[in-house]
Amino acid sequence: MTKNCVAKRLKVNGIVQGVGFRPFVFQLAAKYDLKGTVANTSSGVAIHVEGLESQVAAFEAELAASPPPLAYIVEIASRMEAFQNFSGFAIVKSQGESKMSTLISPDVSVCDDCRSEMLDPTDRRYLYPFINCTNCGPRYTIIADIPYDRPKTSMRHFKMCPACQSEYDDPVNRRFHAQPNACAECGPRVALYDNFKNEIAAIDPIAEAAALLKKGRILAIKGLGGYHLAADAANDEAVRCLRNRKIREEKPLAVMSYDLATIRRYAEVGAEAEKLLGSIQRPIVLLKKKAPNPISDQVAPRNNYFGVMLPYTPLHYLLLRHGFIALVMTSGNLSEEPIAIDNEDAFRRLAAIADYFLIHDRDIYLRSDDSIVRQVAGAKRFLRRSRGFVPIPVFLKSKMPATLACGAELKNTVCITKGDQAFLSQHIGDLENMATYDFLKLTIEHLKRILDITPEIIACDRHPDYLSTQYAREQTGVPKIEVQHHHAHIVSCMAEHRLEGAVIGLACDGTGYGSDGAVWGAEILLAEAHDFKRAGHFDYVAMPGSSAAIKEPWRMAVSYLQDAFGDDLRSLNLPVLTGIGNEKLTVITEMITRGVNSPPTSSLGRLFDGVAAICGIRSRVNFEGQAALELEMLAAETAESWYDYNWQKDDVMRIAPAPIIRGVVADIQNRVPVSQISAKFHRTLIRLFADLCGAVRQESGLNRVVLSGGCFQNATLLTGLVRALKENNFAVFTQEQVPTNDGGIALGQAVAAAAVAKK
Ligand code: ZN
Ligand code: ZN
Ligand code: FE
């Protein structure tokens, strides 16, 4: 044995298979002149290296610091071993073939290497729209079962040509064991159709599709996780037409541009946003609009932001390079249904919307919508966590029994835990139609299969009418645990930060079924994983018309005004009341007084709606949270002051909305601009919640504040409150790995239910 030489055994856990990890190790060993072996094992990758001590240390450091792009290292265990005097370094056969329990990679964007090959006229894959390698391309959406091997993916229909096969078999090739490896000879193809399913003959269907888009046509385009509906984003007429046909009146539409320079022509791209846009996950990033800009006003009306993404499949690049400023790329569905993934299904459902279809023959086994993120208060925040991120797990503090959590009603996702890992599903959608409910069931079965899990506990919301709750109740032979909505929100945030013990939880959202049957939504909880106590909340006001009050914020305006002014509300001389008219006003005030179809609510979302309506911003909404969003968008940079607020203390603290409402009304009567009213309203909430947390700290001695719930998608509220709490020396925790809205709630349900079961 040579002097200064050592031997080490490293075990790497995480997403390390099917991502080019072994060739990477092979090349890294060569770089540091090390000998030994690397092999896949049932729990990851095992490496034996020997060589100069300093070189082994350098190898270890680089392994941890810069693994392949798709790898996700959870842990590297390292120990000294006997020196065996290997003569070279080799990739050896998998050890313990029996049961692979390795993690599956998400679908990610085409890598730079593949992209430059695709644009190189001398490359054999020149302009091939399905080019990929071990560092890039589809994964989660093409897998039917484990282990992740070609016969278990939708690539099984394509037999590799000799050239592709030799790449696949070569350990030092970038396409070694790249399951979706293909070329124009042997792989998937694109084709263009009209909406009567007639194929349009074209030498280059993608160029033809681009030409149609330039003429203002609407195209259905098959992507990675499903179909998009595309239109030229600079063409007003085309975008309006898409909206009309899709029955999507005002909700913002996402756009895609070829590169950052093009995006900068219409939106502000800061350093953080640039990183998010260019990341291999390629999410939709919310970016501030530039004014003026060349994008149609129809893309994101009454919104200060565009949702923007860079191309992520080779096909997108080939399409976008035909000189668009941006293409609208919105999910290929009718409003609120799951996106289409299957070609036949797409023709059936989208023929009334799209003029043409750009399709291909690589099947999508599991749909996955585009993820949506925004940089707020120093971190990336998920508005939707789906393609590119699923199925990367959240790593929990400790192991727990296999649990299935069924999520909430809106923005539904489900969660399955395995050991100390929690797998939150892709975005499933609003469980308001059978198609989405079927997708929920399909996703649960799929996750159970690829994670190889049979749930020992099923968790769900307490709301009896949620389809997700009904799904849970229908399952037999497994204990079911119902978790209160806001408790689940708080535990979700605790879980991602691995918090144990008691915390002050502030859950603010639109709707959640309360333990007393009321509609909760601004809750200060003393929370632990297994239980909670309500410490404070907004005083109840009526929701006249129940769910109608969500779609028609003017109803909430009446409710808050009646709460604040009683019968005097009629003499207020507010535009919103004039607009409602005396007759309707009488009906609603009667409903409230007599308690007819007017459930009590403490929701902060409804307070936002009510204030927005009182300010005359919006009386009706086309999508959940629209009035609140528009109120935030109008807020001035700084608030000159704030509104009075107070709370009553019995066993819980009850915050009175009336003083805030009276302040808003006085400002309207004094002709204070809405931008200032909005800013003051936000500042009021920030002060109020910071004060309340202070009061709770004094009584409980707790210093950790956990923020969760849909209202914290409001960047002004989140940023301001985090700052205020930190100034008061609180330890503050917010959601970063999963959405703060109901899309992150299944994680909390799972962890809470397992904690209940343990007790
Ligand atoms: Zn690649
Ligand atoms: Zn080939
Ligand atoms: Fe919620």
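Starting from 1, each residue takes its place in the sequence as its number. Every number for a ligand or one of its atoms is a count from 1 in the order of the listing.
When the options R654, E523, H537, H486 are evaluated for a side-chain hydrogen bond (donor to acceptor under 3.5 Å, both in side chains) with S602, the one that passes is E523.
Of all protein N/O/S atoms, those under 2.8 Å from the Zn ion (ligand 1) are C111 SG, C114 SG, C133 SG, C136 SG, and waters are not counted. Below the 2.8 Å limit, the Fe ion (ligand 3) has as protein N, O or S neighbours H485 NE2, H489 NE2, D509 OD2, D742 OD1. Protein N/O/S atoms closer than 2.8 Å to the Zn ion (ligand 2), listed by chain and residue number, are C161 SG, C164 SG, C183 SG, C186 SG.
In summary, D170 and R175 do not engage in a salt bridge, as defined by a charged side-chain N under 4.0 Å from a carboxylate O. The existence of a salt bridge linking R124 and E185 is excluded, since no basic side-chain nitrogen approaches an acidic carboxylate oxygen closer than 4.0 Å. Under 4.0 Å is where a charged nitrogen must lie from a carboxylate oxygen, and between R473 and E482 at least one such pair does. Ion pair E736/R385 not flagged as a salt bridge, since none of the NZ, NE, NH1 or NH2 atoms sits closer than 4.0 Å to an Asp/Glu carboxylate oxygen. Using a 4.0 Å cut-off between a side-chain N of Lys or Arg and a carboxylate O of Asp or Glu, E624 and K411 qualify as a salt bridge. Ion pair D609/R606 flagged as a salt bridge, since at least one NZ, NE, NH1 or NH2 atom sits closer than 4.0 Å to an Asp/Glu carboxylate oxygen. Using a 4.0 Å cut-off between charged nitrogen and carboxylate oxygen, E552 and R618 do not count as a salt-bridge pair.
Taking the six-membered ring wherever Trp is involved, the centroid distance between the rings of F608 and F681 falls below 6.0 Å. Separation of the Y128 and F130 ring centroids falls under the 6.0 Å cut-off. In this structure, Y168 has its ring center no closer than 6.0 Å to that of F176.
Annotation: cation-pi geometry not satisfied between R374 and F382 (NZ/CZ under 6.0 angstrom from ring centroid, within 45° of ring axis).
Residues passing the salt bridge (Lys or Arg N to Asp or Glu O under 4.0 Å) test with E632, sequence neighbours excluded: none.
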